[in-house]
Amino acid sequence: MNSVKPCIIVLTAPSGSGKSSVAKELLDAFPGMHFSVSATTRARRNHEVHGVHYHFLTQEQFDQELLDGLLLESEEVYPGCWYGTLLSEIDNSSAAAPVLLDIDVKGALNVKSQYGRDAFIVFIKPPPLAELERRLRSRGTETESSLATRLDRATEEMGYAHRFDTVIVNDILETAVTDATASIGAFLESHQNQ
Ligand code: 5GP
């Protein structure tokens with residue numbers, strides 16, 4: 001652990017809410033920010049690169065990381081699919097070099113409970129379910145069954161929005177990015193002065 005105070009920004013949103021687009025824009029808006037690459041046991045999608053989008057691990061490898069105490073938090077986000085944040089991603093963060101996490105609701109609340117004022121958790125509120133379903137279908141990465149699981153989970157996750165530091169509505173990407181940039185910018189400034 002280094003002696004600099006960690007600085008963690010967490011983006012959480014149901015699958016298909018446009019969260020990755022918001023994350024990409026935030027990384028451009030804050031040049032010192034870096035993206036936390038999670039570990040996961042889910043299968044790699046065609047366009048995904050090991051070590052860039054995720055560290056794709058077998059269940060045995062993931063369990064070993066857990067046993068070795070290398071994960072800050074972990075969740076079985078979908079049945080049989082584990083995801084976890086590596087502690088090493090947070091250790092190198094600071095107000096000048098914040099780390100951006102794209103993790104689920106429970107993971108976000110877990111990070112907040114461990115890091116308090118060093119973490120800022122942002123909920124990206126998705127468009128209505130019908131639009132969410134349309135986006136997920138057009139992405140073409142889901143089967144009917146995994147689509148249904150993701151939509152069920154989206155409904156469940158929306159019930160947690162009020163526990164977040166801020167809620168950003170993602171109807172229009174530009175507006176969502178402007179709103180997220182403003183509230184994260186304010187957090188970073190106050191964190192720097194703490
Ligand atoms: P996907 O399979 O679409 O890449 O991600 C599925 C869900 O897992 C998303 O909600 C994503 O934010 C979440 N997720 C990704 N990495 C982590 C992680 O390290 N921890 C937790 N708790 N959730 C994660």
Side-chain angles (χ1 to χ4, degrees), residues 6 8-24 26-27 34-59 61-66 68-93 99-115 119-127 129 132-133 135-143 145-161 163-164 167-168 170 176 180:
I8 306 169
I9 309 294
V10 182
L11 279 192
T12 287
S15 196
S17 62
K19 181 177 44 172
S20 336
S21 312
V22 176
K24 195 176 162 304
L26 287 175
L27 291 167
H34 76 277
F35 184 71
S36 163
V37 180
S38 294
T40 185
T41 64
R42 94 144 153 70
R44 191 176 64 79
R45 294 176 189 143
N46 279 341
H47 69 282
E48 289 177 329
V49 178
H50 179 74
V52 174
H53 297 93
Y54 285 105
H55 300 286
F56 293 97
L57 304 183
T58 62
Q59 189 65 55
Q61 290 169 325
F62 192 92
D63 292 344
Q64 193 58 50
E65 302 259 300
L66 253 182
D68 293 344
L70 299 179
L71 299 177
L72 153 65
E73 59 77 38
S74 63
E75 294 289 335
E76 188 179 16
V77 176
Y78 300 110
C81 292
W82 283 84
Y83 296 77
T85 305
L86 292 157
L87 267 170
S88 54
E89 299 280 354
I90 276 65
D91 280 352
N92 297 323
S93 71
V99 60
L100 182 67
L101 272 55
D102 167 352
I103 64 178
D104 83 326
V105 164
K106 287 185 187 145
L109 295 172
N110 185 346
V111 169
K112 185 72 184 175
S113 73
Q114 293 185 60
Y115 287 87
F120 188 66
I121 61 173
V122 181
F123 190 91
I124 308 284
K125 194 163 180 272
L129 271 191
L132 203 59
E133 179 172 351
R135 285 191 193 179
L136 280 171
R137 282 191 189 281
S138 70
R139 199 166 78 176
T141 54
E142 307 309 317
T143 61
S145 134
S146 74
L147 182 83
T149 308
R150 280 171 188 263
L151 290 176
D152 280 351
R153 194 174 175 90
T155 309
E156 187 197 326
E157 288 194 331
M158 279 183 235
Y160 288 92
R163 294 177 60 184
F164 279 68
V167 176
I168 305 289
N170 192 15

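Residue indices begin at 1 and follow the sequence shown. Whatever order the structure lists ligands and atoms in, that order sets their numbers, starting from 1.
- Contact annotation: for Val77 versus ligand 1, heavy atoms closer than 4.0 Å belong to the side chain alone.
- Each of Leu109, Ile8, Leu72 was scored for a side-chain contact (heavy atoms from CB on, under 4.5 Å) with Gln114, with one residue passing: Leu72.
- The line from CD of Glu73 to NZ of Lys112 is 15.0 Å long, rounded to the nearest 0.5 Å.
- Taking the six-membered ring for Trp and thresholds of 30 and 60 degrees, Phe62 and Trp82 have ring planes inclined between 30 and 60 degrees apart.
- The two residues Lys19 and Ala13 come nearest to each other via the heavy atoms NZ-O, 3.2 Å.
- When each of Val122, Asp104, Asn110, Ile103 is checked for a side-chain contact (heavy atoms from CB on, under 4.5 Å) with Val10, only Ile103 meets the rule.
- Contacts between Arg153 and ligand 1, counted as non-hydrogen atom pairs separated by less than 4.0 Å, are absent for every part of the residue.
- Side-chain contact between Ile9 and Leu100: present, with at least one pair of heavy atoms (C-beta onward) separated by less than 4.5 Å.
- Between His50 and Phe56, the two ring planes are tilted [angle within 30° to 60°].
- For Lys19, the heavy-atom gap to ligand 1 drops under 4.0 angstrom.
- At a cut-off of 3.5 Å, with distance as the only test, a side-chain donor of Thr141 or Arg139 sits close to an acceptor on the other residue.
- Applying the 4.0 Å criterion to heavy atoms of Arg42 picks out, from ligand 1, the atoms 1 (P), 2 (O), 4 (O).
- Which parts of ligand 1 touch Tyr54 is read off a 4.0 Å heavy-atom cut-off, strictly below it: atoms 1 (P), 4 (O), 5 (O), 15 (C), 16 (N).
- Taking every heavy atom of Glu75 and a limit of under 4.0 angstrom, the matching atoms of ligand 1 come to 22 (N).
- The proximity of His55 to ligand 1, defined as any non-hydrogen pair under 4.0 Å, does not occur for either the backbone or the side chain.
- Close contacts between ligand 1 and Gly107 involve ligand atoms 22 (N) [criterion: under 4.0 Å to a heavy atom].
- By the 3.5 Å distance cut-off applied to N or O atoms, Asp104 is counted among the residues near ligand 1.
- Among Tyr78, Tyr83, Trp82, the residue whose heavy atom sits closest to atom 8 (O) of ligand 1 is Tyr83.
- Within the structure, the closest approach of Glu76 to ligand 1 does not fall below 4.0 Å when heavy atoms are considered.
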